[in-house]
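The next block holds one structure in the form of structure tokens; read it before the comments.
What's counted below: heavy atoms across the whole structure, side chains too, no hydrogens, waters or symmetry copies.
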Amino acid sequence: MLSFESDYTTGAHEQILRRLLETNLDPQPGYGSDSYCESARQKIRQACACPEADIFFLTGGTQTNALVISSLLQQHEGVLAAETGHISTHEAGAIEASGHKVLTLPHHSGKVDAADVEQFCTRFYQDETCSHMVPPGMVYISHPTEYGTLYSKAELEALSRVCKKFELPLFMDGARLGYGLAGMGADVTLPDIAALCDVFYIGGTKVGALCGEAVVFTRGNMPKHFLTLVKRRGALLAKGRLLGVQFDTLFTDGLYEQLGRHAIAMAKRLIEIFRSRGYRFYLESPTNQQFIILENTILERLREYVRFSFWEALDSSHTVVRFAVSWSTTSQDLDQLEAILDA
């Protein structure tokens with residue numbers, strides 16, 4: 001069946017698979033201390049124009065969010081996030097399970113606004129009873145957001161200023177960062193992110209790797225004994241090389257950027273396919289996730305031939321669904337989709 005269900009339903013790019021085979025029998029130290037992890041770190045530092053960055057490789061997004069947030073927060077603090085943010089909605093309470101409250105803010109097409117952060121913090125500290133409440137300890141954003149939208153450089157700069165004012169680390173979830181960097185009209189680069197965020201991660205799982213997220217602490221600010229904290233959570237791979245080889249490959253000869261650009265090219269065609277046939281979009285997304293409004297009878301017919309994701313009921317007769325393209329989407333996939341829509 002044709003699938004636009006998500007961007008992690010296929011395996012890995014062939015260059016990564018080939019490199020894993022080529023390095024398979026090379027004995028290496030464990031726990032991320034191997035030569036492949038070190039090579040990947042150096043390449044990521046160069047790509048971010050951040051030579052002082054500390055970089056740690058983890059396997060998945062929820063694991064990464066929970067570890068970064070719990071290690072940077074004091075035990076009594078919470079994390080500010082959009083009410084639609086991934087940690088607020090689709091991580092099964094992973095942050096709360098670590099003992100930290102998610103403090104939600106209004107979203108603006110999935111994004112957190114600097115003015116809302118400032119207002120929240122100002123009101124919190126003006127409240128005479130704030131010592132009985134959960135104080136904000138950091139700000140979480142994702143780029144792209146849950147709605148496939150992107151922060152502009154100006155928006156990131158504003159968030160960074162407010163975070164510095166209230167001494168809050170700014171943490172960017174980059175599970176789909178490759179698609180954000182290549183997004184239509186995007187003006188944010190990896191060096192911009194490294195300059196404006198205290199910590200972020202470069203997602204591999206959804207952008208060509210079998211698994212893996214590269215966490216970048218940008219200012220020599222990786223928590224003390226971070227490896228120990230990772231192991232305590234059962235998240236430390238003995239064969240850390242598996243992640244190092246993949247990121248070393250992704251950051252060789254611009255592969256990560258190429259995969260992002262390919263997905264955005266596929267997204268542009270997907271948009272044109274639906275738009276030219278009169279379908280409406282829930283919002284304008286410049287990335288690989290597209291949110292389309294379907295009449296419910298059409299939705300049921302399409303489900304017989306195509307996998308896609310339910311997003312939300314719009315009204316009694318229409319539903320918002322998500323079509324996601326990825327690094328592995330082909331022109332032939334889109335040809336088949338056109339044929340199905342026209343049948």
Side-chain angles (χ1 to χ4, degrees), residues 28-45 48 50-81 86-87 91-103 134-142 163-164 166-175 177 193-205 209 211-248:
Q28 289 282 327
Y31 308 112
S33 60
D34 58 276
S35 62
Y36 304 114
C37 284
E38 184 53 36
S39 177
R41 290 186 189 102
Q42 292 297 342
K43 290 175 182 177
I44 290 171
R45 289 184 185 114
C48 295
C50 191
E52 68 275 26
D54 291 314
I55 298 164
F56 202 98
F57 299 106
L58 293 166
T59 57
T62 299
Q63 175 194 82
T64 300
N65 287 333
L67 274 163
V68 170
I69 290 170
S70 63
S71 66
L72 285 177
L73 289 179
Q74 296 295 312
Q75 63 179 355
H76 59 288
E77 292 177 326
V79 53
L80 286 167
H86 202 61
I87 62 170
E91 291 196 329
I95 306 307
E96 289 85 351
S98 71
H100 300 283
K101 186 174 183 178
V102 178
L103 305 166
V134 176
M138 67 188 302
V139 173
Y140 164 95
I141 60 174
S142 63
C163 286
K164 285 181 171 62
F166 290 97
E167 298 182 346
L168 302 173
L170 179 58
F171 170 37
M172 178 186 284
D173 174 332
L177 187 55
I193 293 168
L196 295 169
C197 296
D198 297 281
V199 56
F200 67 98
Y201 66 95
I202 301 168
T205 302
C211 61
E213 324 297 319
V215 185
V216 182
F217 293 95
T218 60
R219 296 171 177 81
N221 57 336
M222 186 166 73
K224 188 177 180 181
H225 304 304
F226 189 66
L227 184 146
T228 307
L229 295 172
V230 171
K231 186 158 191 174
R232 190 180 182 196
R233 293 292 187 87
L236 185 64
L237 277 183
K239 296 181 181 179
R241 59 186 288 155
L242 295 175
L243 303 176
V245 169
Q246 293 184 82
F247 276 96
D248 191 50

>> Which heavy atom of Ala40 sits nearest to which heavy atom of Phe57, and what is that distance?
In response: CB-CZ, 3.7 Å

> Quick one: do the Arg233 and Ser70 side chains pair a donor with an acceptor below 3.5 Å?
Replying inline: yes

>> Test your reading of the model: is there a side-chain donor-acceptor pair from Thr218 to the backbone of Ala53, 3.5 Å cut-off?
In response: no

> Which atom pair, heavy atoms only, marks the closest approach of Gly30 to Ser33?
Replying inline: O-OG, 2.6 Å

>> If the condition is side-chain contact (heavy atoms from CB on, under 4.5 Å), which residues does Arg219 pass it with, not counting sequence neighbours?
In response: Lys164, Asp198, Asn221

>> As an exercise, state the distance from CG of Leu67 to CG of Leu72, rounded to the nearest 0.5 Å.
In response: 10.5 Å

>> Holding to side-chain contact (heavy atoms from CB on, under 4.5 Å), I want the full list of residues that pass it with Gln75, two or more places apart in sequence or in another chain.
In response: none

> Tell me the ring-ring contact (aromatic ring centres under 6.0 Å, His included) pairs involving residues 219-242, sequence neighbours left out?
Replying inline: Phe56-Phe226, Phe217-Phe226

> Should the pair Phe171 and Tyr201 be assigned to parallel (<30°), tilted (30 to 60°) or perpendicular (>60°) ring geometry?
Replying inline: tilted

>> As an exercise, state the distance from CD of Glu38 to CD1 of Ile55, rounded to the nearest 0.5 Å.
In response: 8.5 Å

>> Looking at every heavy atom in both Leu229 and Lys224, which two are closest together, and how far apart are they?
In response: CD1-O, 4.2 Å

> Side chain of Glu213, backbone of Ala175: donor and acceptor closer than 3.5 Å?
Replying inline: no

> How many angstroms lie between atom CG of Asp54 and atom CE of Met222, to the nearest 0.5 angstrom?
Replying inline: 4.5 Å

> Should Phe200 and Leu177 count as side-chain neighbours, where that means a heavy-atom distance under 4.5 Å?
Replying inline: yes

> Which atom names give the shortest non-hydrogen contact between Asp248 and Ser39, and what distance separates them?
Replying inline: OD1-OG, 2.6 Å

> Can you tell me how far the OG atom of Ser142 sits from the CD1 atom of Ile87, to the nearest 0.5 Å?
Replying inline: 9.0 Å

> About how many Å separate CD1 of Ile95 and CG of Asn65, when rounded to the nearest 0.5 Å?
Replying inline: 5.5 Å

>> If I compare all heavy atoms of Cys211 with all of Thr59, which pair ends up nearest, and what's the gap?
In response: CB-O, 3.8 Å

> How far does NE2 of His86 sit from CG of Asp173, to the nearest 0.5 angstrom?
Replying inline: 7.0 Å

